[in-house]
Amino acid sequence: MAEAADFQGTTPSPARRWLRRTTALLAGAPLLAGLAQLPATGPAHAEGRAGALADAASGSVAVAVDSLTPSAPTDGDTVTVSGTVTNNGKRAVTDAHVGLRVGPEVETRSSIDAIAKDGDDLRSSISPEIADKYTEKFSKLAPGVAENFNISVPVDDLNLGGDGVYEFAVSLSGQTSAQPWEQILGIQRTFLPWQPDGAGTRTRTTALWPLVSTTHMAAETGPNEEQTPVFLNDDLAKEISPGGRLNQMVTLGKDLDVTWVVEPDLLASVDAMTGGYSVRDGSTTTAGTHQAIAKQWLADLQDAVADKEVVALPFADPDLASLAHNGTDVTGSLSQLKDATDVVKNTVEPILHVKPSTDFAWPVDGAVDRSIVKVATSAGADKVIARSDSMQESSGLPYTPSAARPIGGGTTAVVADARMSTAFGDDLAKASSSTLAVQRFLAQSLALVLQTDKQRSVVVAPQRMPSGSQARAMAEALRALQGGTWSESQKLAAAAAAEPDPDATTGVPGASSYPSALRKKELPHSAFVESARTQDALDNFKVVLSDPTRVVTPFGRALNREMSASWRGRAAEAASFRTGVRSYLDGLSGRVRLIDKSETKLSGRSATIPVTVQNNLVQDVGPLVLRLTSTSPTRLEIGGADYEEQPISVSGGHSQSVKFTTSANANGRATVIAQLYTQDGRKYGEPVTFDVKVTEITATVMLVIGGGVLLLVLAGFRMYTQRKRAAARDAEESASGDSDESGDPGDDSESAENPDGADGGLKTESGAQARAGDPEQPGDPTPDTAAESADPSGTGERVDR
């Protein structure tokens with residue numbers, strides 16, 4: 001090999017640089033000779049030459065390689081190249097043709113990077129064209145016009161040497177009115193991996209196939225028994241519909257030998273769509289209608305993973321780096337990660353009918369430091385998927401070592417190859433971009449194999465959420481690789497268990513080495529604080545519910561989603577989601593509340609005050625503790641003390657009142673506070689404060705009233721005794737009259753004094769005599785109303801409100 005080492009950032013050897021420079025000089029000699037023969041006839045011609053040179057340097061014609069098949073040819077194959085050439089210059093190109101060029105073998109992985117970076121640069125070295133018969137000619141290329149080309153050539157006529165990666169270029173040559181000689185006006189370089197015979201030692205390659213999406217479900221559910229889930233939008237339906245990103249991932253991955261990396265929240269969300277669900281539309285929700293699509297996608301996925309290795313991430317794919325850097329000092333944050341891991345077993349297997357591995361943690365882009373590894377393994381994972389641009393080699397190995405690295409504490413770092421993992425990270429919507437990515441991926445794979453005869457395990461960990469075009473390019477590259485002659489597929493568990501290279505780097509970098517571009521997109525510390533407060537509110541709410549699972553499950557999963565790595569680069573959306581979760585929780589807990597009270601009046605020394613608790617939830621709540629506290633106990637006591645507590649339970653959709661006994665010690669206004677508490681003594685909801693106005697009757701008034709009542713009693717008693725005596729006298733007189741019946745009937749001396757003629761009259765207090773049987777006079781002392789009691793008011797007295 002021309003180079004002894006091959007690492008990121010290294011440069012080709014002096015021999016290789018000399019070869020390139022010599023080739024460039026030879027290729028540029030005709031152009032220099034032509035320029036030397038041009039007449040220098042004035043400023044106009046000079047300006048024209050300068051413009052022509054600028055066009056030649058930048059490539060006035062764009063060459064796009066839309067297809068190259070087969071991607072990795074073998075003996076007897078015919079290589080077919082198709083694409084377009086577009087004249088981006090201001091002058092027409094005449095006598096043009098598209099030709100193929102094969103350069104020397106590219107011996108190092110870093111050289112592949114360099115060539116790919118300057119793939120259309122005319123100033124780099126350019127190899128000669130192959131035979132003239134493998135060209136396509138155009139008499140004229142007008143400015144702004146694109147022309148298609150298609151060229152096929154037997155691989156034997158490419159004159160490839162031994163096994164290796166070869167630079168393969170498609171160029172457009174022609175002339176313009178300003179430069180009337182043939183020249184190269186555009187070029188596109190790519191690679192042709194050449195391994196016609198099977199490699200002596202095949203590299204074992206593990207390709208991860210990620211099924212990850214953004215957050216789609218809200219914390220909100222319907223009030224019905226089924227708790228109809230509510231979705232933030234209908235984007236997930238688009239992703240799983242035919243032609244959608246996730247639909248393509250399942251369709252393409254089905255026929256590939258890959259390790260599926262699934263995110264449980266995605267599965268749970270699609271599973272929720274198979275039944276009744278709602279979609280939020282502004283402030284309202286509408287019924288979801290994509291049940292059939294969800295069922296079909298899950299059925300296809302179940303079929304695709306039936307005999308494949310499945311690795312499950314924690315629920316909602318928590319951002320391990322954000323948690324490690326910004327959340328570990330927030331109480332409960334690590335517990336959220338543990339909860340997200342524990343829920344996997346109840347999510348993935350029931351839906352996919354396969355048992356997933358939960359031993360792997362996958363930080364964003366495989367970027368790790370010691371704090372990330374510590375957090376990643378805190379929830380039970382003992383393998384961390386890193387990337388080689390994060391755990392860079394420092395021991396001077398002349399080859400790429402195997403993926404498995406023991407990093408201490410029983411933890412294994414599975415280091416994915418950075419070059420192959422990032423091959424499909426660019427925009428691959430154009431066919432030409434996709435083709436270049438595929439060829440570069442295959443070139444890196446073969447170059448890695450040719451480094452050494454050592455048996456090695458290589459892991460490819462692409463971006464978490466590849467687009468549809470990226471997924472298609474990945475699938476094309478993996479099909480070519482798995483059908484090639486230098487690599488064989490391997491499961492991720494096997495790669496992690498492979499014998500590690502003793503000379504490979506095992507040191508995990510410190511936090512200062514974490515890429516600043518990634519750190520800027522992390523969840524901030526405030527996000528974890530907000531989540532912790534929401535968790536506290538949830539803990540306070542669930543203890544009062546008769547069926548807390550109706551709240552704990554949806555809100556627990558929503559809190560997991562708040563930590564998702566999918567929020568990276570979407571700070572505003574993440575904040576909105578957190579706010580929505582907390583607002584909905586506050587709205588639910590606020591449905592159990594104290595009814596406001598107006599000023600209350602006590603018209604006696606003691607009375608009862610009712611306080612009402614309203615439950616607008618569909619389920620029962622309780623037991624709660626209702627405390628009524630007097631802020632002026634010297635004026636108003638509650639239950640004989642400063643406050644009184646009573647337990648209370650309220651049925652769903654009902655209200656319940658509790659009565660508190662109060663005692664007034666003085667007149668005036670006293671402020672009273674009603675507050676609900678949970679059984680463990682934590683405040684629940686907002687307090688209700690109201691005033692109690694005491695109007696107690698004073699002791700002097702009571703004495704006066706008591707004296708009056710006593711006088712009335714004595715007067716009545718006197719009248720009673722007087723009547724009794726009068727009755728006795730009447731009886732005596734009647735008896736005496738009977739014995740004197742023989743007396744003179746004409747004696748009317750008494751009758752003269754008593755014109756009414758009634759015997760046995762009574763004398764009044766003034767000395768006047770009253771007849772027995774006469775009606776009582778208005779001045780009689782008998783009362784016409786009941787006597788008022790001076791005893792305190794009873795406890796059953798109602799309070800004026």
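Side-chain atoms are counted along with the backbone in the values below, which use heavy atoms only and exclude waters and symmetry mates.
Side chain of E522 to main chain of R568: no donor-acceptor pair is present (N/O by atom type, distance under 3.5 Å, no hydrogens or angles). Side chain of N615 to backbone of S651: a donor-acceptor contact under 3.5 angstrom is found. In this structure, Y277 contributes its side chain and H290 its backbone to a donor-acceptor pair below 3.5 Å. At distances below 3.5 Å, at least one donor-acceptor pair connects side-chain atoms of K597 with backbone N or O atoms of P610.
Taken to the nearest 0.5 Å, the CZ atom of F528 stands 14.0 Å off from the CD atom of Q535. For the atom pair F541 CZ and R591 CZ, the distance stands at 8.5 Å (nearest 0.5 Å). Atom CD in E263 sits 7.5 Å away from atom OG in S269 (nearest 0.5 Å). Here CH2 of W260 is found 12.5 Å from CG of L208. Values are rounded to the nearest 0.5 Å. Separating the CD atom in E645 from the CG atom in L626 is a distance of 9.0 Å, to the nearest 0.5 Å. Rounding to the nearest 0.5 angstrom, the gap separating the OG atom in S278 from the CG atom in D234 is 11.0 Å.
Cation-pi geometry between R627 and Y677 is satisfied (NZ or CZ under 6.0 Å from the ring centre, within 45° of the ring normal).
Side chains of V311 and I385 form no contact here, defined as non-hydrogen atoms less than 4.5 Å apart. Looking at heavy atoms from C-beta onward, L323 lies out of side-chain contact with Q336 at the 4.5 angstrom threshold.
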Pairs of donor and acceptor atoms involving the side chains of residues 291-298, under 3.5 Å and at least two apart or interchain, shall be tabulated with distances.
| from | atom 1 | to | atom 2 | distance (Å) |
| --- | --- | --- | --- | --- |
| Q291 | NE2 | G275 | O | 3.1 |
| Q291 | NE2 | G288 | O | 3.2 |
| Q296 | NE2 | D300 | OD1 | 2.9 |
| W297 | NE1 | L246 | O | 3.2 |

Side-chain donor-acceptor contacts of residues 343-364 below 3.5 Å, not counting sequence neighbours, with atom names and distances?
| from | atom 1 | to | atom 2 | distance (Å) |
| --- | --- | --- | --- | --- |
| T347 | OG1 | V343 | O | 2.9 |
| S357 | OG | D359 | N | 3.4 |

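Summarising the geometry of M563 relative to S333, their closest heavy-atom pair is CE-O, 4.0 Å, with the distance given to 0.1 Å.
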